[in-house]
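Comments concern the structure below.
Counting convention: from 1, in listed order, for ligands and their atoms alike.
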Amino acid sequence: MYRGVLDMAEDRVFLLSCAIQDYAWGKLGSSSEVAQLWANGDPKRQIEPTKPYAELWMGTHPKGDAVILHRGVAHKTLGQWIAAHPDCLGTKVREAFNNQLPFLFKVLSVRLALSIQAHPDKALAKKLHAQFPQHYPDDNHKPEMAIALTPFRGLCGFRPISEIVAFLRDVPEFRALIGQDAAEQLEASAADLSKDVEALKRCFTCMMQRSKEEYAEQLKLLVQRVTQQVQSGSDVSSCIGDLLLTLNSQFPGDIGCFAIYFLNVVTLQPGEAMYLGANEPHAYLEGDCVECMACSDNTVRAGLTPKFIDVDTLCDMLTYISAPAANKLFTPTPFSGDPHALLYNPPVPDFTVIKIEVPSSVSQYHVQALDSASILLVVRGQASGQGSYENLNLCSGSVLFISANESLTLNVDPSHSLLLFRACCLL
Ligand code: ZN
């Protein structure tokens, strides 16, 4: 029997049909994890082989509000439903976040580098949105957590000063861009750590504020030199030559190619994570990940992008904290006695991600009730469960909304292990 829209109002656990974003940097066709999940979740969807599938958005952001599927039929959007049933968020979340779902959950498939960027804190987001609403579409902060699905590479946070100083020595084109004064100031600060923030800010700003002619010329010289070294079989690791040539092939002549000498290159293995707090510079380079963030679309960019760039704001807002790449890995913790779950809980209240891996030897898995609405993504495996009104058959690509205080028992298909990610807000 078909249940109408009115009955649906009582449903508290249901499947979502989620939006994709086809940004040019996305992986193409079925090489994209985003495309695979999106198409697996609905047999009517066909992957186009030459189209970039960059992001899958699971949430209520107006640029990609999920649509509720009820018995396979599309109904309202998740945002509309939550507005009508805010109790589904859980009491604390409702109060803390003004009846809104506080997070946006995503999958990303990165083929080309994303822009060098940082996200403002709440105070700066308010100011930027008021001044330039066309570039900063909302007034919220945007802390982000990325958890790798495949080996995932990104730039994240400033390198230790000693590493940047080594590049100033080994890469004369980089030194020329920074300028002799600023370079010497940073070299001196390596011995006096109280001065390193100021010296680092000066170096980074000097480089970013160079004219297009100046940095394009230095980049051309560097690329020529590294290309010759590669052709003659020399080791180019002292200038990260391979990555430099890759970025220059993706964004020829872009100032962002030099950012590799300031920022840590971090490679995550599946399950490893990095957390990007406010004002921390970063750029994703390649791979697939699950990402969760505060519900916002505010990004300040400065290179490796055809989009609007705002060098002055970026240079001014950054934290300029230097740390080794290993410090950038975010370590998950066990989750309330569940041997299959790991908690990625960042130092902001807006979101938490739980990774759940159930081996095929376990026949049933109990998805715990939380005092928060949550969104559950099936990455791998198959399971069935009983929703409030309908049987739920879950496979790779299924996305489930679970209202606060609802639990769910999944019968796991014994031929596959199950990999799930669940975004929620644990206050
Ligand atoms: Zn970002």
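Nearest N, O or S atom of His282 to the Zn ion (ligand 1): atom NE2. Distances from the Zn ion (ligand 1) to each N, O or S atom of Glu144 single out OE1 as the nearest.
Between the Zn ion (ligand 1) and Gln117 there is an N/O/S contact shorter than 2.8 Å.
Judged as a side chain to side chain donor-acceptor pair (under 3.5 Å), and not counting sequence neighbours, the contacts of Asp413 are Ser415. The salt bridge (Lys or Arg N to Asp or Glu O under 4.0 Å) test applied to Glu163 returns Arg159, not counting sequence neighbours.
Considering every non-hydrogen atom in both Val265 and Leu243, the closest pair reads CG2-CD2, 3.8 Å.
Relative ring orientation between Phe258 and Phe174 is described as parallel, the plane-to-plane angle staying below 30° on a 0-90° scale split at 30° and 60°.
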